[in-house]
Amino acid sequence: MDQPGLNSSGWPLGRGVRLVKQDTNGLCAFEKPAGILSHPNKPTDRSRSLMVADFDSTEEAFLVRAKGAIQKVWLLNRLDSATSGLILLATDPDLAEVIQGCFRDRKVHKVYQALVFGHMRTARDHWVDRMNVTANKGSVRAGEAGHLKAETDVRRLRLLPGPPALSLLELTPHTGRTHQLRFQCGKRRLPIVGDQTYGNFQWNRDFARRTGSKRLFLHSSAVRVDYEYNGRGQAFEASSPLPSDFERFSKQGQD
């Protein structure tokens, strides 16, 4: 159900972006394809952003024109431009504050799927690492030997014999560190296919030459948050299937 004065059907969504779910309080789940930014970093980025609209970086909100007026839509989390899948937004500032608190308190349950090089030997695992995140000239890089705890549950969904040998993994992070999943997969010599930062460059080149695909095979596939708003408990859940350019490489094989 749409918030009064802010009809989701009229939002200036970016190329390939779609609204998956919106609850009566104004909490929304959007699905974005790989290559689309969570928000524009500069005006020239608008055309390849989640919304083709100005972005207030102080309030972390899109400025959307609705019924002749500018209204704000608050961005609640981000995905790397190379990652596809679900992002949460809110149409109400008080609700945005509540959900941001849920993220801080680790009450938002998110699930990703990743196609990685190599065969994960165990059916399930629990990864815990210490990492650091540094920024330099607009780029961000995660590294080892830091003070940030990175914790992820891992489930092997499928093995693909190849060549190259691949595994389809389900990743459930308990912490939300920048590049956490990409870093943790790379550290365990299970680099995500197409990862140009933490992956294996030669394997990526060979895969692209063989398949014609250069995307990062990481997808935010599900999100759930239980929250309290206006004195009532609320449950919000959304899911996103694998994109076709991802799914066709992960169908065959054996569990």
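By the 4.5 Å heavy-atom criterion applied to side chains, Phe249 and Thr211 are counted as neighbours. Considering only heavy atoms from C-beta on, Phe117 stays 4.5 Å or farther from Leu190 through its side chain. Counting heavy atoms from C-beta on, the side chains of Glu170 and Ser221 never come closer than 4.5 Å. Proximity of Leu95 to Tyr227: side-chain heavy atoms (C-beta onward) are separated by under 4.5 Å at one or more points. Counting heavy atoms from C-beta on, the side chains of Ile87 and Asn77 come closer than 4.5 Å. Residues Leu148 and Thr175 form no side-chain contact, since every pair of their non-hydrogen atoms from C-beta on lies 4.5 Å or further apart. For the pair Glu228/Val98, no side-chain contact is recorded, criterion being any heavy-atom separation below 4.5 Å from C-beta on. Side-chain contact between Asp226 and Lys107: absent, with no pair of heavy atoms (C-beta onward) separated by less than 4.5 Å.
Within the 3.5 Å criterion, the main-chain N or O of Asp94 finds a donor-acceptor partner in the side chain of Asp92. Counting only distance, with no hydrogens or angles, the side chain of Lys32 and the backbone of Ser81 share a donor-acceptor pair below 3.5 Å. No donor-acceptor pair closer than 3.5 Å links the side chain of Asp80 to the backbone N or O of Ala82. For Asn132 (side chain) and Glu144 (main-chain N/O), a donor-acceptor pair under 3.5 Å exists by modelled atom type. Panel note: side chain Ser250, backbone Leu168; no donor-acceptor pair is recorded below 3.5 Å.
Judged as a ring-ring contact (aromatic ring centres under 6.0 Å, His included), and not counting sequence neighbours, the contacts of Phe246 are Phe217. With sequence neighbours left out, the salt bridge (charged side-chain N to carboxylate O under 4.0 Å, His left out) criterion links Arg177 to no other residue. In this structure Thr134 satisfies the side-chain hydrogen bond (donor to acceptor under 3.5 Å, both in side chains) test with no other residue, sequence neighbours excluded. Asp125 pairs by the salt bridge (charged side-chain N to carboxylate O under 4.0 Å, His left out) definition with nothing, not counting sequence neighbours. For Asp129, the side-chain hydrogen bond (donor to acceptor under 3.5 Å, both in side chains) partners two or more places apart in sequence, or in a different chain, are Gln184, Lys187, Arg188. Under the side chain to side chain contact (heavy atoms under 4.5 Å, CB included) criterion, Arg124 pairs with Arg155, not counting sequence neighbours. Shown here are the salt bridge (charged side-chain N to carboxylate O under 4.0 Å, His left out) partners of Glu151, two or more places apart in sequence or in another chain: Lys149.
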Passes side-chain contact (heavy atoms from CB on, under 4.5 Å), Cys185 versus Asp195? Steps please.
-> CA-CA 10 Å; Cys185 286; Asp195 194 332; over 6 Å; no

Apply the test side-chain contact (heavy atoms from CB on, under 4.5 Å) to residues Asp245 and Ser213: give CA-CA distance (whole Å), side-chain angles for both, the deciding distance (0.1 Å), then the verdict.
-> CA-CA 8 Å; Asp245 61 347; Ser213 178; 5.5 Å; no

Test side-chain contact (heavy atoms from CB on, under 4.5 Å) on Phe62 and Trp11 and set out the steps.
-> CA-CA 10 Å; Phe62 286 97; Trp11 286 345; over 6 Å; no

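Residue Cys28 comes nearest to Gln22 through the heavy atom pair SG-CG, 3.5 Å, listed as atom of the first residue, atom of the second, then distance. A pairwise comparison of heavy atoms in Val64 and Pro12 identifies CG1-CD, 3.8 Å as the closest pair. Closest non-hydrogen pair, Met131 versus Val133, comes out as CE-CG2, 3.9 Å. Nearest heavy atom pair, residue Leu171 against residue Ala114, reads CD1-CB, 3.8 Å. Between Arg189 and Pro191, the shortest heavy-atom contact is C-CD, 3.2 Å. For the residue pair Leu76 and Ile99, the shortest heavy atom distance occurs at CD1-CG2, 3.6 Å.
Through side-chain heavy atoms spaced under 4.5 Å, either directly or across other Ile, Leu, Val, Met, Phe, Trp or Tyr residues, Leu63 is tied to Ile70.
Judged as a ring pair (Phe, Tyr, Trp, His ring centres under 6.0 Å), not a single pair has a partner in residues 139-164 (not counting sequence neighbours).
Val111 and Leu216 are assigned to two separate hydrophobic clusters, defined by single-linkage of ILVMFWY side chains at heavy-atom distances under 4.5 Å. When hydrophobic clusters are built by joining Ile, Leu, Val, Met, Phe, Trp and Tyr residues whose side-chain heavy atoms come closer than 4.5 Å, directly or via intermediates, Leu181 is grouped together with Leu169. In the hydrophobic clustering of ILVMFWY residues, with side-chain heavy atoms under 4.5 Å counting as a link, Leu218 and Val17 come out together. Residues Leu89 and Val20 do not share a hydrophobic cluster, clusters being chains of Ile/Leu/Val/Met/Phe/Trp/Tyr side chains in contact below 4.5 Å. Note on Leu75: it does not cluster hydrophobically with Phe103, by side-chain heavy-atom contacts below 4.5 Å among ILVMFWY residues.
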Which donor-acceptor pairs under 3.5 Å do the side chains of residues 196-203 make with protein atoms, sequence neighbours left out?
{"unit_1": "Thr197", "atom_1": "OG1", "unit_2": "Arg182", "atom_2": "NH2", "d": "3.4"}
{"unit_1": "Tyr198", "atom_1": "OH", "unit_2": "Ala142", "atom_2": "N", "d": "2.7"}
{"unit_1": "Tyr198", "atom_1": "OH", "unit_2": "His179", "atom_2": "ND1", "d": "2.6"}
{"unit_1": "Asn200", "atom_1": "OD1", "unit_2": "Gln202", "atom_2": "N", "d": "3.2"}
{"unit_1": "Asn200", "atom_1": "OD1", "unit_2": "Trp203", "atom_2": "N", "d": "2.9"}
{"unit_1": "Gln202", "atom_1": "OE1", "unit_2": "Arg205", "atom_2": "NH2", "d": "2.9"}
{"unit_1": "Gln202", "atom_1": "NE2", "unit_2": "Asp206", "atom_2": "OD1", "d": "2.9"}
{"unit_1": "Gln202", "atom_1": "NE2", "unit_2": "Asp206", "atom_2": "OD2", "d": "3.4"}

Compile the donor-acceptor pairs under 3.5 Å between side chains in residues 233-243 and protein atoms, sequence neighbours left out, one pair per line.
{"unit_1": "Glu237", "atom_1": "OE1", "unit_2": "Arg224", "atom_2": "NH1", "d": "3.0"}
{"unit_1": "Ser240", "atom_1": "OG", "unit_2": "Glu31", "atom_2": "OE2", "d": "2.3"}
{"unit_1": "Ser240", "atom_1": "OG", "unit_2": "His219", "atom_2": "NE2", "d": "3.0"}

Only pairs under 3.5 Å count here: list side-chain donor-acceptor contacts from residues 37-55, not counting sequence neighbours, and write none if there are none.
{"unit_1": "Ser38", "atom_1": "OG", "unit_2": "Leu79", "atom_2": "N", "d": "2.9"}
{"unit_1": "Ser38", "atom_1": "OG", "unit_2": "Leu79", "atom_2": "O", "d": "2.8"}
{"unit_1": "His39", "atom_1": "NE2", "unit_2": "Arg78", "atom_2": "NE", "d": "3.2"}
{"unit_1": "Lys42", "atom_1": "NZ", "unit_2": "Asp45", "atom_2": "OD1", "d": "3.4"}
{"unit_1": "Asp45", "atom_1": "OD1", "unit_2": "Arg48", "atom_2": "NH2", "d": "3.4"}
{"unit_1": "Asp45", "atom_1": "OD2", "unit_2": "Asn41", "atom_2": "N", "d": "3.0"}
{"unit_1": "Asp45", "atom_1": "OD2", "unit_2": "Lys42", "atom_2": "N", "d": "3.2"}
{"unit_1": "Arg46", "atom_1": "NH1", "unit_2": "Asp54", "atom_2": "OD1", "d": "2.8"}
{"unit_1": "Ser49", "atom_1": "OG", "unit_2": "Met51", "atom_2": "O", "d": "3.3"}

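Here CZ of Arg158 is found 12.0 Å from NE2 of His119. Values are rounded to the nearest 0.5 Å. With rounding to the nearest 0.5 angstrom, the NZ atom of Lys72 is 5.0 Å from the CG atom of Asp56. From Thr91, atom OG1 reaches atom CH2 of Trp74 across 8.0 Å, with rounding to the nearest 0.5 Å. Separating the CZ atom in Arg18 from the CG atom in Leu13 is a distance of 11.0 Å, to the nearest 0.5 Å.
Crowding of Glu97 atom CD: a count of heavy atoms from other residues, nucleotides or ligands under 6.0 Å not exceeding 12.
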